Amino acid sequence: MRPEPETRRLLPRQISELVVFDIASSTARVIYETGELIEAPNWSPDGKWLVYNGDGRLFRISPDGQDGPHRINTAPVENLNNDHVVSRDGRSFFVSANDGHLYRVPFEGGTPQRVSNEHEASRGFKYYLHGISPDGATLAYVGLERREGGGVFTRICTIPAAGGQDVFLTDGACPVDGSEFSPDGQWIYFNSEAAATQPGHAQAFRMRPDGTGLEQLTHDERVNWFPHPAPNGRDLVYLSYPVGTIGHPADKDVILRFMSADGGKARDLDAFNGGQGSINVNSWAPDSSAFAYVRYPLAAG
């Protein structure tokens, strides 16, 4: 999720680095860098492409950086944010747009088809997509809407991928984000302030797809976002912010951490300047051997 309207730009002498991290060797390799802001890579199910967003559009590039980037046509919807997923069969994207709706787009590009619902204007309802069920039938998203008297609240929600009724799984009592399905469809992973000891103190959680069986997975003083289960169902990567962080801002000293999908002790994989845009959506390779993310280093001087 990101604030609206879209206003973020890279700082002077800052670049975006698209990185692939190999689990077996614990090595990070920059496969593409640019002076433009890029965010939130997905890995295609066939392993041939990384898909990321930039300037409200989608692009694809080979995981070795040798082929691309190629722009993916989503006209006339070209105000996409950094919440997008690839369908399980690899034929389509599901994307969130800054108009607050969800769309389905052919993988090779084409006319977007809206799958989300209209809500009363007074609610200011917006959809932020994060996950798709293993059978491709259900999308998991974060629903954001206005509170009476001001402010907003967020809930973990689902909707049929073909369009249909919204289902609300959490009650909006605390901030939540990053909802996505486990590979076996038995869990939805997300971050929440349900156990917060101070404002902003998000931790990683999971629950059953009907909203029951809530489990807390991280229990430390840092602010933990976007838990991404690997396709093997065993591993998990998440983004860890410094103590006291509110929300998921850009340009923070963040750490990517690795742990069991059931929770437990975590280990650090990479530390860098990043946050918003680095790993908002699941970016695991289909064989669970690697994952992708974006760093935003600042040049010295």
Side-chain angles (χ1 to χ4, degrees), residues 1-2 4-6 39-46 49 51-53 56-60 71-146 152-170 172 176-183 185 187-190 209-211 226 228 280-283:
M1 186 187 301
R2 62 159 47 162
E4 306 296 350
E6 164 57 16
E39 301 178 299
N42 293 135
W43 213 301
S44 65
D46 61 9
W49 300 103
V51 179
Y52 64 85
N53 74 284
R57 298 171 174 86
L58 290 180
F59 299 84
R60 58 187 172 95
R71 181 181 165 188
I72 299 166
N73 178 30
T74 62
V77 181
E78 295 184 310
N79 60 342
L80 307 178
N81 60 37
N82 57 21
D83 299 320
H84 45 82
V85 299
V86 185
S87 67
R88 299 296 182 175
D89 60 11
R91 296 178 181 176
S92 304
F93 298 106
F94 290 92
V95 299
S96 302
N98 287 337
D99 64 4
H101 282 289
L102 306 181
Y103 296 87
R104 182 174 192 150
V105 186
F107 189 89
E108 299 300 328
T111 303
Q113 301 295 317
R114 200 185 83 192
V115 299
S116 53
N117 298 309
E118 291 285 359
H119 294 269
E120 298 89 344
S122 61
R123 295 173 65 182
F125 196 94
K126 292 181 179 293
Y127 293 76
Y128 293 92
L129 179 64
H130 283 276
I132 186 168
S133 60
D135 63 4
T138 305
L139 303 177
Y141 71 94
V142 173
L144 180 149
E145 63 183 289
R146 299 190 187 109
V152 298
F153 66 97
T154 52
R155 291 183 286 182
I156 303 299
C157 314
T158 61
I159 189 173
Q165 183 177 357
D166 297 291
V167 178
F168 303 104
L169 302 178
T170 59
V176 293
D177 208 340
S179 51
E180 62 185 70
F181 286 91
S182 61
W187 297 98
I188 292 178
Y189 286 79
F190 61 103
D210 63 359
F226 299 135
H228 297 315
N280 290 50
V281 291
N282 193 303
S283 59

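Side chains are part of it too, since the values below use all heavy atoms of this structure and drop only hydrogens, waters and symmetry mates. All values reported here derive from a predicted model rather than from experimental measurement.
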Handout entry: Between CZ on residue R57 and OG1 on residue T74, distance to nearest 0.5 Å
Key = 7.5 Å
Completion exercise
Between G178 and F226 the two heavy atoms that sit nearest each other are CA-CD2, 3.8 Å
Problem - Residues which pass salt bridge (Lys or Arg N to Asp or Glu O under 4.0 Å) with R71, listed by chain and number, not counting sequence neighbours - result: E78
Practice task
Please test Y189 against H228 for side chain to side chain contact (heavy atoms under 4.5 Å, CB included), starting from the C-alpha separation and ending with a verdict.
Solution key: CA-CA 7 Å; Y189 286 79; H228 297 315; over 6 Å; no
Practice task
May I ask you to decide if D83's main-chain N or O and S96's side chain share a donor-acceptor pair within less than 3.5 Å?
Solution key: yes
Handout entry: Under 3.5 Å side-chain donor-acceptor pair for D177 and H130
Key = yes
Exercise for the section: Please identify each residue that fulfils side chain to side chain contact (heavy atoms under 4.5 Å, CB included) with R104, with sequence neighbours left out. Expected result: S92, F94, V115
Fill in the blank from the handout: When every non-hydrogen atom of N81 is compared with those of A97, the smallest separation belongs to ND2-O, 3.9 Å
Practice task
Mind running side chain to side chain contact (heavy atoms under 4.5 Å, CB included) on Y127 and N117 for me, showing each step along the way?
Solution key: CA-CA 9 Å; Y127 293 76; N117 298 309; 3.4 Å; yes
Exercise for the section: Quick one: closest heavy-atom pair of L169 and D210, and the distance? Expected result: CD2-C, 3.8 Å
Practice task
Provide the closest heavy-atom pair for N98 versus L80 in the form atom of the first, atom of the second, distance.
Solution key: ND2-O, 4.3 Å
Practice task
Measure from the side-chain N and O atoms of H84 to the backbone N and O of A40, and report whether any donor-acceptor pair falls under 3.5 Å.
Solution key: yes
Problem - Residues forming a side chain to side chain donor-acceptor pair (under 3.5 Å) with S116, sequence neighbours excluded - result: H101
Completion exercise
On a heavy-atom basis, the closest approach of T154 and V176 is OG1-N, 3.0 Å
Handout entry: Contacts of F168 that satisfy side chain to side chain contact (heavy atoms under 4.5 Å, CB included) - sequence neighbours left out
Key = R123, F125, Y141, R155, C157, D166
Problem - Counterpart residues, side chain to side chain contact (heavy atoms under 4.5 Å, CB included), relative to T138 (two or more places apart) - result: S133, T158, F181
Problem - E120/R146 salt bridge by N-O under 4.0 Å criterion - result: no
Handout entry: Intermediate values then yes/no, side chain to side chain contact (heavy atoms under 4.5 Å, CB included), I72 and F93
Key = CA-CA 10 Å; I72 299 166; F93 298 106; 3.4 Å; yes
Completion exercise
Heavy atoms of P209 and I188 approach each other most closely as CA-CD1, 3.9 Å
Problem - P112 vs P76 side-chain heavy atoms within contact, under 4.5 Å - result: yes
Problem - Interatomic distance, N280 atom CG to Y128 atom OH [nearest 0.5 angstrom] - result: 11.5 Å
Fill in the blank from the handout: Across all chains, not counting sequence neighbours, the ring pair (Phe, Tyr, Trp, His ring centres under 6.0 Å) partners of F59 are Y52
